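Values in this document were obtained by computation on a predicted structure and should not be read as measured data. Each chain gets a letter, A, B and so on, in the order the sequences are listed, and its residues count up from 1.
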Amino acid sequence: MTEPLFIYNTLTRTKEKFEPLHPPLVGMYVCGPTVYSDVHLGNCRTFVSFDLVYRYLCFLGYKVRYVRNITDAGHLEGDRDEGDDKFAKKAKLEQVEPMEIVQKYTLGFHEVMQLLNTRPPSIEPTATGHICEQIEMIKQILANGYAYEVNGTVYFDVEKYNQKYPYGLLTNRQLEDLIAGTRELGGQDEKKGRLDFALWIHAKPEHVMRWPSPWGWGFPGWHIECSAMSSKYLGDTFDIHGGGMDLQATHHTNEIAQSQACHQKAPVRYWMHTNMLTVNGTRMSKSAGNGFLPGELFTGAHPLLDKAYSPMTVRFFMLQSHYRSTLDFSNEALKASEKGFQRLMSTYALLENLRTGSSSSSNIKELEEKCYAAMNDDFNSPILLAHLFEGARIIQAVHAGSETISSEDLVTLKKFMKGFLFDVLGLRSEATLSNELMEGTVGLVLSLRKEAKDRKDFAQSDKIREELNKLHIEIKDSKDGTSWSINQ
RNA sequence: GGUCCUGUGGCCGAGUGGCUAGGCUGAGCUCUGCAAAAGCUCCUACUGCGGUUCGAAUCCGCACGGGACCUCCA
């Protein structure tokens, strides 16, 4: 840990020096997916961003407990505490049990996360697995006087809460402004205040996913799970809470209110929010129907896609923008990422067989420091990548003989290139077919080609190269001989 | 309407007031039997108008454009 790490905190709207409550331990909670449908690329961006955060904290030596939940109950269609349960609706549509929906999309989510090479969280708790904890928490909030029950449904009393704590803290908004933005309560409403939200919801007879509670059969509201599970695994106050920006105004605002009302402490020290992935400048979202499924991207099966893009290309594409900026999705941008990523990987492969000299023509130590500085500045991965490309330039130059590197610097270069590319950015080479059999076979073919070249039979040597190219095996002739790589 | 964010070269995308971000694309050159790869060079931008300043893409104001949230969404 050379320099201090700075994190942009949504609470204060500034970059703050990161100081964990109990170093070297760090507690981090990230809002995970609601598993009632496939994750789309926008969802993935958030999880890749927090994977970067998790990886870098670990890289710095922190012992991180990373909790990311799976929402598998209690999420209604609207946030007015009425309407259909998302899982029940989907289950009806697919004619299966709600828990089959949960299982199906949880597995799909994990598969995508693996392809994108995100590290699994330390704990991945589900809402249905923590009903007791949620009920206990609601009881405490009731006991503290910040909630009330109506016909088996328990509501959070926002106005009462606001008398003691600032409710609109996270979005810097006043309660009056918030109320002005909501509709009038009708005669059939059970809630007292327009902003009140449900902690526990009375289950109608046809509702399958239901649990007994002090207020009768029902199910938890959407927001309470995160409060209950984060405090259970990370404590009443913990270091980092993350999620997409779209959760900031409602979900996270309510989370803070619930936790504060229950424990009488601010739950989170650093709030982090990732920005949206956009398509043609508009947010990618499920309801807008402009979402890309990761699978469509990896196979190219989508009308807006020119071709398939590999998972690492997609990850690299995401890392090329800062997590707090919007990132616009386009074929051109993805193609650029594909090329850049492949160049970085093929250049990295040269690192193993680099000749060393008595001195270095570039300042390797300084470059390493710049990499740390980039990440310490609120996880600025695009800047880090710019520095890694500088590293790639040096590797190529040394390889070509126009620059030199000392053996000591080569060790440093290897160490941080590997560390940042693979451990921090979580990239991995996708040319995995180079096993022993391939080495031998391609080697044999190339030796035949060399014989043809030696007798100036270029028709033959070009034909071999052409055929290998068709198999995506790329040939590079140089003074030292011929090398090959798999070009996907 | 309310609360905010944002406007950078062909495309994507960083930028802490002064010194070329970076990637991709395009053009030229070097290397080379030809390719490919790599290297070098070039195309050097900051929505507009004011203001602060010795100096602004960077700070302030106004205008215009784009977006997000205030209804479910990472």
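The same atom, C1', is picked in rA57(B) and in rC49(B); the two are 16 Å apart, to the nearest Å.
The partner of rG65(B), taking Watson-Crick or G-U wobble pairs whose two distances both stay under 3.5 Å, is rU6(B). The partner of rA14(B) is absent, by the rule that a Watson-Crick or G-U pair needs both atom distances under 3.5 Å. Taking a pair to require two hydrogen-bonding distances under 3.5 Å in either a Watson-Crick or a G-U wobble arrangement, rC19(B) remains unpaired. The pairing partner recorded for rU30(B) is rA38(B), the criterion being a Watson-Crick or G-U wobble arrangement whose two distances lie under 3.5 angstrom.
With hydrogens and angles left out, the side-chain atoms of Glu124(A) and Asn69(A) include no donor and acceptor closer than 3.5 Å.
For rA36(B), neither phosphate oxygen OP1 nor OP2 lies less than 4.0 angstrom from any side-chain nitrogen or oxygen of Arg343(A). Close to rA37(B), at under 4.0 Å from its OP1 or OP2, lies no side-chain N or O of Ser346(A). The side chain of Asn331(A) contributes no N or O atom lying less than 4.0 Å from OP1 or OP2 of rC11(B).
Cation-pi contact between Arg119(A) and Tyr54(A): present, with separation from the ring centre below 6.0 Å and deviation from the ring axis of at most 45°.
Closest approach to the Leu277(A) side chain among rA74(B), rG13(B), rA21(B) is made by rA74(B) (side chain taken as heavy atoms from C-beta onward). Picking from rG15(B), rG23(B), rC24(B) the nucleotide with the shortest atom distance to the side chain of Lys339(A) gives rC24(B).
RNA chain B is contacted by both His40(A) and Arg449(A); Arg449(A) maps to the nucleotide lying nearer its 5′ end (nearest heavy atom per residue). Across the interface with RNA chain B, nearest-nucleotide mapping of Phe329(A) and Lys335(A) shows Phe329(A) to be the residue nearer the 5′ end.
When ring centroids are compared, Phe341(A) and Phe317(A) stay outside the 6.0 Å threshold.
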